[in-house]
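Letters A, B, ... mirror the listed sequences (proteins, then strands); counts begin at 1.
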Number of protein chains: 2
Amino acid sequence: MSVFAHHTHDYASDPDAALEAADQHFLKAGVRFTPLRRRVFEIILRAGKPIGAYDILERLRDHGKIAAPISVYRVLDFLIEQRFVHRLATINAYMACVTPEDPHAAQFLICQCCGSVTEISDPVMDKAIADGAKTANFQVSYPLVEIMGICADCSKAGKQAKGCKKS
Amino acid sequence: MSVFAHHTHDYASDPDAALEAADQHFLKAGVRFTPLRRRVFEIILRAGKPIGAYDILERLRDHGKIAAPISVYRVLDFLIEQRFVHRLATINAYMACVTPEDPHAAQFLICQCCGSVTEISDPVMDKAIADGAKTANFQVSYPLVEIMGICADCSKAGKQAKGCKKS
DNA sequence: GGTGTATAGTAACACTATAACAAAATATGC
DNA sequence: GCATATTTTGTTATAGTGTTACTATACACC
Ligand SMILES: [Zn+2]
Ligand SMILES: [Zn+2]
Ligand SMILES: [Zn+2]
Ligand SMILES: [Zn+2]
């Protein structure tokens, strides 16, 4: 058995369900899930992979909305704070959390070949970080783990030998 | 006893020694440690904390050198490849490695209060990441661990309550 | 309805990083 | 030494990422 948490509801793979779940969540929580916030979250969900802030901006504009970068960043801040979106510092991109309702530290496996990113939640890593920080008397607020490499698919296909075009 | 590797030669705290060690290393390795590369490395060492690419640029110019951003980034690429410098993706900054001669995966404790960064090398974290990746059939090329939080000094001083000005 | 707060719009700007090509410095083979 | 290939650096322009400051609007609360 894997050490990874497995999720029965992988919202990221079903944008409509994820959106509805978000609607319910914010309604219950008494937090305003405004049209702009909902639209940005939908764009991130439908992207299917990490998406950059300016790509989000572009897609907002495709839908007739006139928007500036700041609008996107403000919404991103909101969604990250609400734990519905993760930021990937390594590639300056944003992706939907697979289990937003469940507070968690996450780790990301970022494929340098196909650009896919897998979110995992490994308690062993969590504990290693917590212990390491404690030894240094360091008070953790956010542990960022982004593991660059080649995903199983690309490794199997031998794509990385052919030049690894990001798609 | 700590799980962390302890370094008898903490080069980062003695820029002159670190520079001389680098001279020796590159001479032995037959790699060109040009004046520009040496100067940039010295700037990073003397900064004492992580420094941005454009701050490096500015300090180069202070010393009469006319330089463009690309020059700095090229040297940074070189120094990172040679493992003498680490890049901190979270804060877009660069810092000298404390043990460049010893190939290692590193983790960074980044204080959001004072901006200090501590490089640690925790084999438990290394193993956790290696195991986690293996479970996912993910071939790791570079594991990035940047832990944001409050350092021991700031925590003790209670600075984080007062607003955490980065110095 | 009036008032305060949260959200979004508008415009300008700051910061981070790279591309393309030319020049100079260095290494290599003769 | 000298010609040649390679590496490093310079020059100029541009792409990509993120923020500041201020205004306007929408919403919550009384
Ligand atoms: Zn998540
Ligand atoms: Zn892949
Ligand atoms: Zn190091
Ligand atoms: Zn601190």
Rounding to a whole Å, what distance do you find between [X]:[atom1] and [N]:[atom2]?
{"X": "B/L76", "N": "D/dT9", "atom1": "CG", "atom2": "C1'", "value": "15 Å"}
{"X": "B/R38", "N": "D/dT9", "atom1": "CZ", "atom2": "C1'", "value": "19 Å"}
{"X": "B/F33", "N": "D/dT8", "atom1": "CZ", "atom2": "P", "value": "13 Å"}
{"X": "B/L60", "N": "D/dT9", "atom1": "CG", "atom2": "C1'", "value": "12 Å"}
{"X": "B/I91", "N": "D/dT17", "atom1": "CD1", "atom2": "C1'", "value": "16 Å"}
{"X": "A/R87", "N": "D/dT19", "atom1": "CZ", "atom2": "C1'", "value": "13 Å"}
{"X": "A/E58", "N": "D/dA15", "atom1": "CD", "atom2": "P", "value": "14 Å"}
{"X": "A/Y73", "N": "D/dG16", "atom1": "OH", "atom2": "P", "value": "12 Å"}

Would you mind classifying the nucleic acid contact of B/Y94 as base, sugar-phosphate or nothing, using non-hydrogen atoms under 4.0 angstrom? sugar-phosphate
Hits for salt bridge (charged side-chain N to carboxylate O under 4.0 Å, His left out) against A/R38, two or more places apart or cross-chain, chain-then-number order -> A/D23
Counterpart residues, salt bridge (charged side-chain N to carboxylate O under 4.0 Å, His left out), relative to B/K127 (two or more places apart): B/D131
Checking [X] now: which residues fulfil side-chain contact (heavy atoms from CB on, under 4.5 Å) with it, not counting sequence neighbours?
{"X": "A/R32", "result": "A/T34, A/R37"}
{"X": "B/A105", "result": "B/D126, B/P143"}
{"X": "A/A53", "result": "A/V72, A/Y73, A/L76, A/Y94"}

Does anything in residues 107-153 of chain B form a ring pair (Phe, Tyr, Trp, His ring centres under 6.0 Å)? List the pairs, not counting sequence neighbours. B/H86-B/F108
Can you work out whether A/F78 or B/A93 has the more 5'-proximal nearest nucleotide on DNA chain C? A/F78
Listed pairs, N/O of protein and of nucleotides 10-12 of chain D, under 3.5 Å:
from, atom 1, to, atom 2, distance (Å)
D/dG10, OP1, B/K65, NZ, 2.6
D/dG10, OP2, B/S71, OG, 3.4
D/dG10, N7, B/R74, NH2, 2.6
D/dG10, O6, B/R74, NH1, 3.1
D/dG10, O6, B/R74, NH2, 3.4

Does A/E42 come within less than 4.0 Å of A/R39, counting only side-chain N to carboxylate O? yes
Under 3.5 Å, is there a donor-acceptor pair linking the side chains of B/H104 and B/E119? yes
Atom CZ of A/R83: over 12 foreign heavy atoms under 6.0 Å: no
From the 5' end of DNA chain C to its 3' end, which nucleotides mark the outer limits of contact with chain A, defined by a 4.0 Å heavy-atom distance cut-off (strictly under)? C/dT7 to C/dA11
Can you list the steps and then say if B/I147 with B/I110 is a side chain to side chain contact (heavy atoms under 4.5 Å, CB included)? CA-CA 6 Å; B/I147 304 170; B/I110 304 173; over 6 Å; no
Give the angle between the helix axes at the two ends of the helix from C/dG1-D/dC30 to C/dC30-D/dG1, taking five base pairs at each end and rounding to 10°. 40°
Please determine whether a side-chain nitrogen or oxygen atom of A/N92 lies at a distance below 4.0 Å from atom OP1 or OP2 of D/dG18. yes
Step by step, work out the side-chain hydrogen bond (donor to acceptor under 3.5 Å, both in side chains) result for A/S121 and A/Q107. CA-CA 6 Å; A/S121 188; A/Q107 300 87 37; 5.2 Å; no
Please list, pair by pair, any protein nitrogen or oxygen found under 3.5 Å from a nitrogen or oxygen in nucleotides 28-30 of chain D.
none

Once ring-ring contact (aromatic ring centres under 6.0 Å, His included) is applied, do any residues pair with A/F33, and if so which ones, sequence neighbours excluded? A/F26
Any pair counted as salt bridge (Lys or Arg N to Asp or Glu O under 4.0 Å), so long as it reaches residues 62-78 of chain B, sequence neighbours left out: none
Treating Ile, Leu, Val, Met, Phe, Trp and Tyr as nodes and any side-chain heavy-atom pair under 4.5 angstrom as an edge, say whether A/L36 and A/I70 lie in one connected cluster. no
Hey, which of these two, B/R37 or B/Y54, hits DNA chain D nearer its 5' end, going by closest nucleotide? B/R37
